[in-house]
Amino acid sequence: AEDVMLNDTLLKAGTYMVKFDSKTNEVMFLRNGKVVAKTKAAVQVNESKAPYDSTAFVTTDKGKMISSLTFSGDRRTLLLNEAGTTPAGE
């Protein structure tokens, strides 16, 4: 495991719970039950349900950055955009 960026927020290597609010299109990353980062996402609907969870990354000048999330059994891919990320508590 390695540290990754969620836009301007550093996510240290470890296990996170990810929640998606479909009303606000907001993705929240939780660690030990506490929101540590959140961002807006665009939703891409795929033709079929994903067979497994997957995370896509891009390499930027800030380091390895999460660009999308797909969850097993779901037709949606969450495209994470740079505009809307805020560290928790701000």
Side-chain angles (χ1 to χ4, degrees):
E2 62 185 288
D3 297 348
V4 296
M5 297 296 292
L6 180 65
N7 302 324
D8 289 328
T9 303
L10 176 67
L11 296 176
K12 293 283 195 179
T15 302
Y16 294 83
M17 177 182 282
V18 178
K19 290 187 177 181
F20 175 63
D21 184 334
S22 60
K23 290 183 178 72
T24 63
N25 280 359
E26 192 168 69
V27 179
M28 292 163 279
F29 287 75
L30 296 88
R31 192 159 195 187
N32 301 321
K34 180 182 170 196
V35 176
V36 294
K38 56 187 175 179
T39 189
K40 293 287 187 178
V43 177
Q44 172 185 303
V45 178
N46 303 306
E47 288 187 21
S48 58
K49 292 181 178 181
Y52 49 83
D53 294 340
S54 65
T55 305
F57 301 92
V58 293
T59 301
T60 69
D61 57 349
K62 297 175 188 175
K64 192 173 183 180
M65 189 174 291
I66 301 172
S67 60
S68 70
L69 301 167
T70 305
F71 301 101
S72 175
D74 199 327
R75 292 180 54 198
R76 298 169 296 180
T77 295
L78 304 179
L79 306 172
L80 308 184
N81 61 42
E82 186 146 350
T85 300
T86 54
E90 289 189 9

For the [atom1] atom of [X] and the [atom2] atom of [Y], what is their distance to the nearest 0.5 Å?
X     : Y     : atom1 : atom2 : value
Leu6  : Met65 : CG    : CE    : 8.0 Å
Leu10 : Lys62 : CG    : NZ    : 12.0 Å
Thr39 : Asn25 : OG1   : CG    : 11.0 Å

Do the side chains of Phe57 and Tyr52 join up, straight or via other hydrophobic residues, at under 4.5 Å, putting them in one cluster?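 Different clusters.
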
Can you sort out the partners of Arg75 under side chain to side chain donor-acceptor pair (under 3.5 Å), two or more places apart, ordered by chain and number? none

List in chain and number order the residues that pass side chain to side chain donor-acceptor pair (under 3.5 Å) with Thr70, two or more places apart in sequence or in another chain; answer none if no residue qualifies.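 Counting only residues at least two positions away or on another chain, Thr70 forms a side chain to side chain donor-acceptor pair (under 3.5 Å) with Thr77.
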
Mind checking salt bridge (charged side-chain N to carboxylate O under 4.0 Å, His left out) for [X] and listing every partner two or more places apart, or none if nothing turns up?
X     : value
Asp74 : Arg76
Lys19 : none
Glu47 : none
Asp53 : none

Backbone N or O of Ser48 within a donor-acceptor pair of the Asn46 side chain at under 3.5 Å?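 Not at all, since once roles are kept as given, no pair shorter than 3.5 Å links the two residues.
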
Report the C-alpha separation of Phe20 and Val43 in whole Å, then their side-chain angles, then the decisive distance to 0.1 Å, and conclude whether the side-chain contact (heavy atoms from CB on, under 4.5 Å) test is met. CA-CA 11 Å; Phe20 175 63; Val43 177; 3.7 Å; yes

Determine, stepwise, if the pair Thr24 / Lys40 fulfils side-chain contact (heavy atoms from CB on, under 4.5 Å). CA-CA 8 Å; Thr24 63; Lys40 293 287 187 178; 4.2 Å; yes

So, for [X] and [Y], which heavy atoms are closest and what is the spacing to 0.1 Å?
X     : Y     : answer
Ala13 : Asp3  : N-OD1, 2.7 Å
Ser68 : Leu79 : CB-CD2, 3.9 Å
Lys12 : Arg31 : O-NH1, 3.7 Å

Does a side-chain heavy-atom distance below 4.5 Å link Ile66 with Phe29?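 Yes; the side chains approach each other to less than 4.5 Å.
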
